[in-house]
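The structure appears right after this line, and notes come after that.
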Amino acid sequence: MAHVRIQAHPFDAGAEIAALTQGRRDVGAVATFVGVVRDRNEGASVGRMTLEHYPGMTEKALLEICGQAAQRWDLIDLRVVHRVGPMEPGEPIVLVAVSSAHRGDAFAACEFVMDFLKTRAPFWKREDTPSGPRWVDARVSDDEAAARWAPPNR
Amino acid sequence: MAHVRIQAHPFDAGAEIAALTQGRRDVGAVATFVGVVRDRNEGASVGRMTLEHYPGMTEKALLEICGQAAQRWDLIDLRVVHRVGPMEPGEPIVLVAVSSAHRGDAFAACEFVMDFLKTRAPFWKREDTPSGPRWVDARVSDDEAAARWAPPNR
Amino acid sequence: MATVLYFASLRERLGVGRETIDLPPGSHTVASVVAHLRARGGPWESCFGPGSVWRVAVNHAMANPEATVSADDEVAFFPPVTGG
Amino acid sequence: MATVLYFASLRERLGVGRETIDLPPGSHTVASVVAHLRARGGPWESCFGPGSVWRVAVNHAMANPEATVSADDEVAFFPPVTGG
């Protein structure tokens, strides 16, 4: 059911949302999240950033997260598009879009997928700062965001 | 801050999301909701539907809802685009897009605006069904969705 | 002369979307306007009589039956909203 | 011959992204592979020594130090993830 894509080039959020309703008459709600590169992180000024991933495992991890969301809520379809490589501040990094008959399911599943993507999908961020490039550390707040969804399932 | 628009023609969700990040470097998250016409509601098969609104008051109500969201969460910008007039199943009805530095604020505010829009903004839906047109009744579940956000403020 | 608007099913049942009504001298509330309308009988009685469900806005702000209504005010009656 | 991958800061600190290692005969776990790597000294000691923080996947599934590793398995070491 879910559609997962890793790509270097920017995505068109409107086209991804449209793909979820195209030719369908049962979708009532599409909740979408777009993550964007900020010029400031943990207090430091940030320029370009670069995302690394683990080809093969990353796609598998994203599909697993989507599968968990589909088991938990009443969904029609899910899409995850994640960019890798160099990106400038203001550019989109990730899109998660979820369609459902009802908005409550779409919102919850979209936020769930983002929270788990942040803590379970193999991506690593390197930022260019005035004092040179640095790898971004995992954030406790992201672990907490993922933890609130459930008793851990592993 | 917020941008609110009522229009008869369809909107481009991608363009609305892009408008929230255009020329900015401080946005980290955009949460978006798109409501879509379903061919089925409360068990009945539905064809075209028509939305009526109260020009002047509708815009004011939407701006007030956005203002409440902006007081409550740390937001950068909000957009609400709501269509009126006749619409077919599969067509988008409403878009709510919220930008913030962080995703938690964007998600919560987007869902809050939708829940309050459903119960506080003057729009009325008439559906064409096999047994003729009918005005859609307000739903208890929508009141419940709005009520969970707070002690009532009026 | 207050302007009174009706929307959606209320507009259809009453057969009117907008009218101006002359308020008799004295102070007025939404409740007294409703009593005035109900006295017209027919669909007005059923739309505004006991057990009827409606919402009201005065000058684009949601109001309740105790709200005051003055000449030049815009009073709107409508069913519970169903947007989005 | 297991394939071992390193990502992100771990790859940079070790100066290698992919290698194949010959596992001595017998049964192996992630922990025994880590002990083998650590014995190389230098950056290997600091990346996999006491207090080091890393995650591991075996054949694209998150694993823990007790997980078994066989020849033909793909073992990946990386820092905690920071996507999105």
Side-chain angles (χ1 to χ4, degrees), chain B residues 6 33-38 41-42 49-65 80-84 87 92-96 110-111 113-127 133-143 145-146 152-154, chain C residues 1-21 29-31 33-34 37 42-84:
Chain B
I6 311 287
F33 179 82
V34 174
V36 182
V37 183
R38 291 171 64 212
N41 190 19
E42 309 277 327
M49 69 152 226
T50 305
L51 261 175
E52 182 171 328
H53 79 302
Y54 181 177
M57 179 172 171
T58 304
E59 292 83 345
K60 181 170 171 265
L62 293 175
L63 281 170
E64 278 172 7
I65 294 166
V80 179
V81 182
H82 208 301
R83 290 177 67 197
V84 291
M87 285 163 247
I93 310 169
V94 58
L95 171 138
V96 174
C110 187
E111 194 163 9
V113 169
M114 266 314 297
D115 285 349
F116 276 74
L117 184 158
K118 282 267 186 188
T119 53
R120 301 280 171 87
F123 291 101
W124 302 276
K125 233 177 235 178
R126 199 185 57 197
E127 295 174 336
R134 67 171 185 193
W135 289 95
V136 175
D137 282 333
R139 289 158 48 134
V140 172
S141 63
D142 284 332
D143 286 334
N153 55 3
R154 69 172 92 236
Chain C
M1 288 257 293
T3 301
V4 185
L5 307 180
Y6 309 94
F7 288 95
S9 55
L10 217 50
R11 174 177 51 71
E12 283 192 351
R13 289 166 67 196
L14 297 170
V16 56
R18 166 190 288 262
E19 64 174 328
T20 53
I21 57 172
T29 62
V30 165
V33 171
V34 164
L37 297 173
W44 301 89
E45 171 67 30
S46 61
C47 283
F48 290 107
S52 62
V53 175
W54 44 265
R55 299 288 183 269
V56 63
V58 177
N59 298 329
H60 293 174
M62 293 301 295
N64 53 44
E66 295 73 43
T68 60
V69 174
S70 312
D72 302 328
D73 278 350
E74 180 174 298
V75 182
F77 293 99
F78 42 79
V81 307
T82 54

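All chains are named by letter (A, B, ...) in the order of the sequence lines, taking the proteins before the strands, and each is independently numbered beginning at 1.
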Which bit of Asp143(B) is near chain C, if near means a heavy-atom gap under 4.5 Å: side chain, backbone, both or neither?
neither

Tyr54(B) and His60(C) aromatic ring geometry - parallel, tilted or perpendicular at 30°/60° bounds:
perpendicular

Ranking Ala138(B), Gly35(B), Ala61(B) by heavy-atom pairs under 4.5 Å to chain C gives rank one to Ala138(B)

Heavy-atom pair of closest approach, residues Lys125(B) and Gly84(C):
NZ-C, 3.8 Å

Of all heavy-atom pairs linking His53(B) and Phe7(C), the shortest is O-CE2, 3.4 Å

Side chain, backbone, both or neither: which part of Lys60(B) has a non-hydrogen atom closer than 4.5 Å to chain C?
side chain

Hey, what do you get for CD (Glu64(B)) to CE (Met62(C)), rounding to the nearest 0.5 Å?
11.0 Å

Among the options Pro79(C), Pro80(C), Ala76(C), Ala61(C), pick out the one with the most heavy-atom pairs lying under 4.5 Å from chain B.
Pro79(C)

Counting only non-hydrogen atoms closer than 4.5 Å, does Arg55(C) touch chain B with its backbone (N, CA, C, O), its side chain (CB onward), both, or neither?
neither

Give the C-alpha distance, both sets of side-chain angles, the deciding distance and a yes or no for side-chain contact (heavy atoms from CB on, under 4.5 Å) between Phe123(B) and Thr82(C).
CA-CA 6 Å; Phe123(B) 291 101; Thr82(C) 54; 6.0 Å; no

Run the numbers on Met57(B) and Glu74(C) for side-chain contact (heavy atoms from CB on, under 4.5 Å), then give the verdict.
CA-CA 11 Å; Met57(B) 179 172 171; Glu74(C) 180 174 298; over 6 Å; no

Would you say that Trp124(B) contacts Ser9(C) through its side chain, given a criterion of any heavy-atom pair below 4.5 Å between the two side chains?
no

